[in-house]
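This report refers to the structure that appears directly beneath it.
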Amino acid sequence: MSEQKLQVYNTLTRKKEDFEPLNPPFVGMYVCGPTVYGDAHLGHAKSYVSFDLVLRYLRYLGYKVRYVQNITDVGHLVGDGEEGEDKLGKQARLEQVDPMEIAEKYTYTYFRDMDALNVLRPDIAPRATGHIPEQIAMIEKLIKNGHAYNADGNVYFDVHSDEDYGKLSGRKTEEAESGTRVESASDKKNPADFALWKKAEDDHLMKWDSPWGVGYPGWHIECSAMSTKYLGESFDIHGGGLENQFPHHECEIAQSECAHDAQFVKYWMHNNMVTLEGQKMGKSLGNAINLHQFFTGEHKLLTRAWDSQVIRFFLLQSHYRSTTDFSEDALEAAETGLKNLHSMISTIEKAENGSGESFDIEGFKTSFEKVMNDDFNSAKAIAVVFEKLKELRKSINDQKTPSNIEEVKSVIKTVVDDVLGIWPQENAGGSEELTKGLVELLIEIRKEARENKNFALSDKVRDDLKELGVQLMDGKEGTSFEID
RNA sequence: GGCGACAUGGCCGAGUGGCUAGGCAGAGGUCUGCAAAACCUCGUACGGCGGUUCGAAUCCGCCUGUCGCCUCCA
């Protein structure tokens with residue numbers, strides 16, 4: 001581990017702080033997961049790729065991380081605050097299926113798309129509907145502590161009972177009340193109070209018994225209840241999208257700290273948005289491009305399909321706290337860049353220990369860790385990788401392969417594969433050997449053609465192979481090839 | 001209206017008080033039957049106006065512009 005400590009930007013204090021876990025080497029990390037009522041889009045990718053990098057880097061540093069990411073399958077309402085329809089309920093009505101079928105379907109597509117982006121699975125992915133008793137217990141505790149009240153089956157958190165309310169978002173409750181356009185529900189004591197439990201109408205699809213009658217939990221309480229269950233009353237990192245800072249995370253803090261009388265989270269991390277022509281990409285704005293659409297190219301704003309790994313690389317090229325402006329031109333630049341990176345890796349992987357000077361592995365690691373320690377600066381980390389790999393490729397090309405190349409390979413693999421998650425993907429399994437054999441055969445034929453000055457034939461071999469995605473390269477040591 | 005960000009060369013995108021980010025695209029060259037790849041060389045950017053400083057793209061103020069949150073949203 002490097003001398004310089006990991007620094008994390010904490011939204012709570014609005015500055016970078018040294019990262020010191022509550023119980024080292026253990027780290028508890030909770031990230032707000034998706035509401036599973038539709039396919040994940042590029043915005044989700046930015047968030048989960050960002051926190052995937054955080055997770056991977058913490059593990060690289062040797063921390064034992066427990067990563068919890070919830071699946072929201074109830075309580076998230078459509079439209080104006082307290083009066084809207086449940087998102088899953090609505091989608092269930094539209095698709096004419098049970099809400100749990102919706103949850104199942106979009107949980108599946110969510111993980112399918114995240115897998116494609118090489119996002120590691122959370123250690124625990126708890127569902128809100130699977131933790132109704134925990135949520136009820138927490139609400140009861142809040143009522144008992146005088147922080148919540150029952151208004152005829154609706155239970156609200158009393159914002160005025162919590163002096164700290166607003167500390168994350170820097171908001172005063174008075175401002176929130178006067179500035180808001182939301183009409184306050186009539187049974188609330190204060191307009192800023194938020195629902196912990198909602199009374200269910202007869203036609204409501206998802207509902208449970210509770211001490212306050214039949215109903216369903218509010219959106220915020222699930223994260224408090226589930227994070228407490230799996231990470232304890234206090235834990236290290238809570239992540240999520242910037243737009244969740246208020247009200248969602250503010251409410252989580254209020255609920256948890258009033259229920260437990262302990263600091264809820266030490267480090268709050270928020271990723272920035274993905275924009276499309278300067279506008280936030282979001283479901284409600286109708287400009288979101290689903291990840292699956294990127295992978296297949298089936299979207300009116302896309303001219304073609306994009307490899308999932310290119311999307312990941314593209315996102316990692318900007319910092320998680322910066323907005324990422326999407327365009328196909330930018331994606332294309334990322335695609336070419338990634339291809340070049342993979343080409344360098346392939347050259348290095350083929351190299352064997354040589355007579356050159358040994359490569360400064362510690363220097364490489366130090367540079368990498370230095371930039372990653374600065375609040376996970378993946379953009380700079382990628383720059384470091386490019387610089388060092390170029391250096392290595394040059395020494396190999398000059399027949400001065402470092403004497404410690406095997407060791408170097410292993411470090412590169414750790415950095416590029418384990419941490420950044422952008423290692424070249426393996427070609428389709430069983431036919432790989434066959435493909436290689438066939439291409440080598442064609443290279444042999446082309447070589448004979450060239451020796452006979454039959455350039456028409458040799459060019460046909462090369463050009464037709466290129467059509468198929470196989471690039472031939474003539475070098476001093478003979479012809480080599482790369483498959484896209 | 002309240003709160004908060006950001007404004008970097010053709011594009012994307014880091015960044016620090018003084019020294020080359022990086023990627024993509026582009027130009028010239030070496031190599032090659034021709035290519036491709038690789039290698040070498042090349043751009044001297046930081047919204048505007050003031051201020052602090054020996055020196056600011058980097059600190060402060062004002063202005064302009066863009067965006068986010070304040071209502072569900074990664």
What's the CG-P distance between Leu420(A) and G23(B), to the nearest Å? 15 Å
Steps toward ring pair (Phe, Tyr, Trp, His ring centres under 6.0 Å) verdict (Phe264(A), Phe235(A)): CA-CA 7 Å; Phe264(A) 178 42; Phe235(A) 57 94; 5.3 Å; yes
Separation of atom CG in Leu168(A) from atom C1' in C69(B), rounded to whole Å: 12 Å
With a 4.0 Å cut-off on heavy atoms, is Glu335(A) in touch with a base, just the backbone sugar-phosphate, or nothing at all? nothing
Examine the base of G33(B) for any acceptor or donor lying under 3.5 Å from a partner atom in the side chain of Asn454(A), and report the outcome as yes or no. no
Under 4.0 Å, heavy atoms only, any strand: does His319(A) hit a base, just the sugar-phosphate, or nothing? sugar-phosphate
N or O in side chain of Lys388(A) less than 4.0 angstrom from G22(B) OP1/OP2: no
Within the pair Gln317(A) and C24(B), is there a side-chain N or O less than 4.0 Å away from OP1 or OP2? no
Starting at CD of Glu222(A), measure out to OG1 of Thr72(A) and round the result to the nearest 0.5 Å. 3.5 Å
Using the C1' atom in both, what is the distance from G43(B) to A21(B), to the nearest Å? 15 Å
How far does the P atom of G15(B) sit from the matching atom of C42(B), given to the nearest Å? 26 Å
Pair Lys409(A) + Glu352(A): basic N to acidic O under 4.0 Å: no
Tell me the interatomic distance from Asn272(A), atom CG, to U66(B), atom P, rounded to whole angstroms. 18 Å
Could you work out which one of A74(B), C34(B), C24(B) sits closest to the side chain of Thr336(A)? C24(B)
Taking a pair as Watson-Crick or G-U wobble with both distances under 3.5 Å, which nucleotide is matched to G10(B)? C24(B)
Using a strict cut-off of less than 4.0 Å between a Lys/Arg side-chain nitrogen and an Asp/Glu carboxylate oxygen, indicate whether Asp115(A) and Arg121(A) qualify as a salt bridge. yes
Regarding Asp73(A) and Tyr106(A), is there a side-chain donor-to-acceptor distance under 3.5 Å anywhere? no
Among C67(B), A74(B), G23(B), the one nearest Gln279(A) by side-chain distance: C67(B)
C67(B) C1' sits how many Å from Asp325(A) CG, rounded? 11 Å
Checking contacts here: which listed nucleotide (A74(B), G13(B), A25(B)) is nearest the side-chain heavy atoms of His41(A)? A74(B)
With both distances under 3.5 angstrom, what nucleotide forms a Watson-Crick or G-U wobble pair with G55(B)? none
What integer number of Å spans the C1' atoms of U32(B) and C39(B)? 14 Å
If you compare every side-chain N and O of Ser458(A) against the phosphate oxygens of C34(B) (OP1, OP2), does one of them come in below 4.0 Å? no
Check every atom of G33(B), G15(B), A21(B) against the side chain of Ala383(A) and return the nucleotide holding the closest atom. A21(B)
Comparing Ile382(A) and Asp459(A) on RNA chain B - which has the more 5′ nearest nucleotide: Ile382(A)
Arg450(A), nearest nucleotide to its side chain (from G33(B), A74(B), C24(B)): G33(B)
When both hydrogen-bonding distances must be under 3.5 Å and the geometry is Watson-Crick or G-U wobble, what is A5(B) paired with, if anything? U66(B)
Whole-Å distance separating the CZ atom of Arg14(A) from the P atom of C69(B): 15 Å
With a 4.0 Å cut-off on heavy atoms, is Asp463(A) in touch with a base, just the backbone sugar-phosphate, or nothing at all? nothing
Would you measure the distance from the P atom in U30(B) across to the matching atom in G48(B) and give it in whole Å? 41 Å
For Glu95(A), give me all partners under salt bridge (Lys or Arg N to Asp or Glu O under 4.0 Å), at least two apart in sequence or on another chain. Lys105(A)
So what does Phe455(A) touch, heavy atoms closer than 4.0 Å: a base, only the sugar-phosphate, or nothing? base
Would you call Lys370(A) and Asp374(A) a salt bridge, using N to O less than 4.0 angstrom? no
Are any of the side-chain nitrogens in Asp162(A) or Lys167(A) under 4.0 Å away from the carboxylate oxygens of its partner? no
Could you tell me how far apart Asp374(A) (CG) and G13(B) (P) are, to the nearest whole angstrom? 19 Å
Is it the case that over 12 heavy atoms from other parts of the model lie below 6.0 angstrom from the CD atom of Glu163(A)? no
Of A14(B), G23(B), A74(B), the nucleotide closest to the side chain of Met281(A) is A74(B)
Whole-Å distance separating the CG atom of Asp329(A) from the P atom of G23(B): 19 Å
For the C1' atoms, the ones on G47(B) and on G9(B), what distance do you get once it is rounded to whole angstrom? 14 Å
Which base sits across from A37(B) as a Watson-Crick or G-U pair, both distances under 3.5 Å? none
What is the distance from NE2 of His249(A) to P of A74(B), rounded to the nearest Å? 11 Å
Categorize Val31(A) for me: base, sugar-phosphate, or nothing, with a 4.0 angstrom heavy-atom threshold over every strand shown. nothing
Please tabulate the protein-to-nucleotide N/O contacts below 3.5 Å involving nucleotides 36-42 of chain B, giving atom names and distances.
residue	atom	partner	partner atom	Å
A36(B)	O2'	Gln471(A)	NE2	3.1
A36(B)	N1	Asp474(A)	O	3.1
A38(B)	O3'	Arg393(A)	NE	3.3
A38(B)	O2'	Asn397(A)	ND2	2.7
C39(B)	OP1	Arg393(A)	NE	3.0
C39(B)	OP1	Arg393(A)	NH2	2.9
C39(B)	OP2	Arg393(A)	NH2	3.3

Base of C34(B) paired with side chain of Arg462(A) (donor-acceptor, under 3.5 Å): yes
For residues Tyr110(A) and Tyr48(A), establish whether the separation of their ring centroids is below 6.0 Å. yes
When the nearest nucleotide of RNA chain B is assigned to Trp219(A) and to Ala456(A) on a heavy-atom basis, which residue is associated with the more 5' position? Ala456(A)
Phe246(A) side chain, from C-beta outward: closest of C69(B), A14(B), G33(B): C69(B)
Roughly how many Å apart are U52(B) and G18(B), using the C1' atom of each and rounding to a whole number? 16 Å
Quick one: label Gly43(A) by what it contacts on the DNA or RNA (base, sugar-phosphate, nothing), any heavy atom closer than 4.0 Å. base
Base-pairing assignment for U71(B) (Watson-Crick or G-U wobble, both under 3.5 Å): none
Quantified in whole Å, what is the C1' atom distance between nucleotide C49(B) and nucleotide A7(B)? 16 Å
With both distances under 3.5 angstrom, what nucleotide forms a Watson-Crick or G-U wobble pair with G50(B)? C60(B)
So, do Phe294(A) and Phe314(A) have ring centers that fall under 6.0 Å from each other? no
Mind checking the P distance from G23(B) to U41(B)? Whole angstroms is fine. 13 Å
